[in-house]
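Data first, discussion second: the structure below is written as structure tokens.
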Amino acid sequence: WRGASASVLRLGAGSASQLTVYSSLKEHLVGDGCADGPRIHVLCSVVAVFAGTLCMQPFDVVRTRVMNQAFDAQGRGLLYASPVDC
């Protein structure tokens, strides 16, 4: 379960940013007169994935640090006790 808490933070940030950017951008484009169709869906999806990637990257670094650190005999990390320590 090493890095599970950091993974939960990552997924929360990624999902929140992707859903928010997709719906906000689509609402804005359709409100400005763009026809709601496959092109709008693809454009909004690409922008939302890009935003999600930007938001998840810091959490990926934290998760990698927590998972790859050395552990003692009891399974406690030697460098970080939790994602907040990174």
Side-chain angles (χ1 to χ4, degrees):
W1 292 98
R2 295 176 187 162
S5 57
S7 294
V8 170
L9 294 172
R10 175 189 182 270
L11 292 172
S15 297
S17 61
Q18 284 182 359
L19 293 172
T20 302
V21 168
Y22 178 86
S23 63
S24 298
L25 182 58
K26 187 171 181 182
E27 185 177 300
H28 178 73
L29 291 173
V30 171
D32 282 349
C34 294
D36 189 6
R39 280 189 253 166
I40 294 296
H41 172 71
V42 170
L43 174 65
C44 293
S45 296
V46 169
V47 173
V49 167
F50 183 73
T53 301
L54 287 176
C55 291
M56 288 189 290
Q57 195 276 332
F59 295 101
D60 283 337
V61 171
V62 169
R63 183 180 62 169
T64 300
R65 288 181 180 179
V66 169
M67 291 173 67
N68 290 334
Q69 69 178 324
F71 291 88
D72 64 11
Q74 287 79 32
R76 292 183 303 237
L78 297 177
L79 300 174
Y80 312 110
S82 71
V84 178
D85 292 338
C86 293

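Owing to the predicted nature of the structure, the values given are computational and were not obtained by experimental measurement.
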Discussion item. Measuring from atom CD of Gln18 to atom OG of Ser23, what distance do you get when rounded to the nearest 0.5 angstrom?
Written reply: 11.5 Å

Discussion item. Rounded to the nearest 0.5 Å, what separates atom CG in Leu29 from atom OG in Ser24?
Written reply: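 One finds 10.5 Å between CG of Leu29 and OG of Ser24.
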
Worksheet entry | Residues that Arg65 engages under side chain to side chain donor-acceptor pair (under 3.5 Å), provided they are two or more places apart |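 For Arg65, no residue satisfies side chain to side chain donor-acceptor pair (under 3.5 Å) once neighbours in sequence are set aside.
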
Residues 34-46 side chain polar contacts: donor-acceptor under 3.5 Å, at least two apart:
from: Asp36; atom 1: OD1; to: Lys26; atom 2: NZ; distance (Å): 3.4
from: His41; atom 1: ND1; to: Tyr22; atom 2: OH; distance (Å): 2.8
from: Ser45; atom 1: OG; to: His41; atom 2: O; distance (Å): 2.7

Would you be so kind as to tabulate the donor-acceptor pairs closer than 3.5 Å made by side chains of residues 76-86, with sequence neighbours excluded?
from: Arg76; atom 1: NE; to: Asp72; atom 2: OD2; distance (Å): 3.3
from: Arg76; atom 1: NH2; to: Asp72; atom 2: OD2; distance (Å): 3.4
from: Arg76; atom 1: NH2; to: Gln74; atom 2: OE1; distance (Å): 3.4
from: Ser82; atom 1: OG; to: Val84; atom 2: N; distance (Å): 3.4
from: Asp85; atom 1: OD2; to: Ala81; atom 2: N; distance (Å): 2.7
from: Asp85; atom 1: OD2; to: Ser82; atom 2: N; distance (Å): 3.3

Worksheet item: Taking all atoms of both residues into account, what is the closest heavy-atom pair of Ser17 and Gly52, and its distance?
Response: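 That closest heavy-atom pairing would be OG-CA, 3.3 Å.
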
Practice prompt. Work out which heavy atom in Val62 is nearest to a heavy atom in Ala6; give both atom names and the distance.
Written response: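 Shortest heavy-atom contact: CG1-CB, 4.3 Å.
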
Worksheet item: Of all residues at least two apart in sequence or in a different chain, which pass the side chain to side chain contact (heavy atoms under 4.5 Å, CB included) check with Phe50?
Response: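 Side chain to side chain contact (heavy atoms under 4.5 Å, CB included) check on Phe50 returns Leu54.
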
Discussion item. Under the salt bridge (charged side-chain N to carboxylate O under 4.0 Å, His left out) definition, can you give me all pairs with a residue in residues 42-55, not counting sequence neighbours?
Written reply: none

Practice prompt. Quick one: which residue pairs count as a ring pair (Phe, Tyr, Trp, His ring centres under 6.0 Å) with a foot in residues 59-78, not counting sequence neighbours?
Written response: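 As it turns out, there is no ring pair (Phe, Tyr, Trp, His ring centres under 6.0 Å) pair with a partner in residues 59-78 once direct neighbours are skipped.
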
Item to complete: Indicate if Met56 and Leu9 have the same hydrophobic cluster label, given that clusters are the connected sets of ILVMFWY residues with side-chain heavy-atom separations under 4.5 angstrom.
Response: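 The answer is no; the residues belong to distinct hydrophobic clusters.
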
